[in-house]
Amino acid sequence: MNRRQTIPKHLRYTINDFNAQFPDNDSCLEHLKEQRFPGGISRCEKCGVERKHHRVTGRPAYACGHCGTMISPMAGTIFEKSSTSLHLWYYSMYLMASTRCGISAKQIQRETGVTYKTAWRMFKQIRSLLSEGDVQLEGDAVEMDETYFGGKRKGYRGRPGAGDKKKSPIVGIVERTTGQGRVIAKATNSVNADTLTGMVKEYVLPESTIFTDDFSGYDRLKGHGFTHHRINHSAKVWVMGDSHTNTIEGFWSLVKRGIGGVYHQVSQKYLQSYLDEYTFRYNRRNQGNLIFNAFLKRVCERAA
């Protein structure tokens with residue numbers, strides 16, 4: 001058994017590192033302030049100019065050095081008006097970023113002592129930061145596949161039809177190695193030709209090569225300027241030369257095992273937010289435990 005640390009040293013960020021960097025609420029607030037207002041410099045609404053702001057004793061706020069008007073680094077972020085300590089928010093994001101398969105709100109409840117309702121709300125807020133709707137897949141080749149997530153349909157076999165209440169269709173596209181290996185995954189209402197072709201046009205560069213299975217929904221791709229190679233899964237053929245969909249199917253395995261093992265069940269209403277969490281981590285899998293920094297960065301990027 002290989003017991004060696006698999007994450008390179010420069011990409012490691014352990015719980016000891018977290019505790020050293022963020023020992024309390026004040027350190028988290030100072031970090032958030034530096035991310036949003038480097039050096040404490042921000043525009044003062046009353047003065048109308050950029051001013052130096054200083055920490056207000058006993059309050060999570062900073063006051064203008066000239067007129068005393070206060071600003072809060074938490075304003076406009078997922079932390080605003082939350083009664084949960086900022087340190088627990090940071091710790092929850094650290095746990096969420098440090099796992100490959102996800103961590104449940106119930107586990108956060110056990111580790112932090114907050115109520116389950118609070119833990120679930122925190123995770124819902126954090127996941128809202130992880131969508132990557134503006135991603136543009138690069139490279140000259142991608143793999144595309146559809147799958148279904150949900151409970152078993154008693155008495156039914158085969159592909160679910162439109163409007164199925166048990167199974168939710170999901171479509172994924174992943175870059176081949178010529179790109180960065182990024183993936184997108186979208187919960188859709190159907191996997192008909194219009195939906196699949198529309199996703200390709202939105203996320204894939206023109207004239208790219210697309211590898212799919214033999215599902216009929218992909219029939220129109222070649223007519224839109226894409227080179228289309230198919231692998232005949234119906235005939236139990238999985239690889240033929242460079243034609244395969246193993247990369248995207250590996251991602252599906254990660255998602256299904258993760259959701260099934262950690263969350264057990266996800267409603268159709270929140271399925272996309274869970275997919276966003278898995279794609280966010282997958283697209284940064286080469287960052288080791290420093291994915292936590294990407295979580296923190298998103299807080300400031302999505303601030304109102």
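Along the sequence shown, residues carry numbers from 1. In this text the structure is predicted, and so the values were computed from the model without any measurement.
A side-chain donor-acceptor contact under 3.5 Å links Lys256 and Thr147. Side-chain contact, Asp214 with Ser234: a donor N or O sits under 3.5 Å from an acceptor N or O. With no hydrogens or angles considered, a side-chain donor-acceptor pair links Ser168 and Gln268 at under 3.5 Å. Between the side chains of Thr84 and Trp89, not a single donor N or O lies within less than 3.5 Å of an accepting N or O. If you check the side chains of Asn192 and Thr195, you find a donor sitting under 3.5 Å from an acceptor. A donor-acceptor contact under 3.5 angstrom links the side chains of Glu30 and Tyr62, judged on distance only. No hydrogens or angles considered: nothing links the side chains of Asn16 and Thr14 as a donor-acceptor pair under 3.5 Å.
The ring of Trp238 has its center closer than 6.0 angstrom to the ring center of His233. Checked against the 6.0 Å centroid criterion, the rings of Trp252 and Tyr278 do not qualify as a close aromatic pair. Ring centroid separation for the pair Phe215 and Tyr218 comes in under the 6.0 Å cut-off. Taking the six-membered ring where the residue is Trp, the centroids of Phe295 and Tyr94 are separated by 6.0 Å or more. For His228 and Phe211, the ring centers sit 6.0 Å or farther from each other. His87 and Phe22 have their aromatic ring centers separated by at least 6.0 angstrom.
Tested against Val183 for a side chain to side chain contact (heavy atoms under 4.5 Å, CB included), the candidates Val135, Thr279, Val142 yield a single pass: Thr279. Each of Lys186, Arg284, Arg302 was evaluated against Glu132; a single residue qualifies, Arg284, per the salt bridge (charged side-chain N to carboxylate O under 4.0 Å, His left out) test.
Atom CZ of Arg110 has more than 12 heavy atoms from other residues, nucleotides or ligands within 6.0 Å. A 6.0 Å sphere centred on CD of Gln136 holds more than 12 heavy atoms belonging to other residues, nucleotides or ligands. Heavy atoms of other residues, nucleotides or ligands lying less than 6.0 angstrom from CZ of Arg285 number more than 12.
For the pair Arg43 and Glu50, the salt-bridge criterion is not met [side-chain N within less than 4.0 Å of a carboxylate O]. Salt-bridge annotation for Arg176 and Asp242: absent, with no side-chain N of the basic residue lying under 4.0 Å from a carboxylate O of the acidic one. Comment: Asp17 does not engage Arg12 in a salt bridge, judged by the lack of any side-chain N to carboxylate O separation of less than 4.0 angstrom.
In terms of modelled atom types and a separation under 3.5 Å, the side chain of Arg281 and the main chain of Thr99 share a donor-acceptor contact.
The CD1 atom of Ile78 sits 5.5 Å away from the CD1 atom of Ile126 when rounded to the nearest 0.5 Å. Between atom OH of residue Tyr274 and atom CG of residue Leu271 there is a gap of 10.0 Å, rounded to the nearest 0.5 Å.
Contacts of Tyr282 classified as ring-ring contact (aromatic ring centres under 6.0 Å, His included), with partners at least two apart in sequence or in another chain: Phe251.
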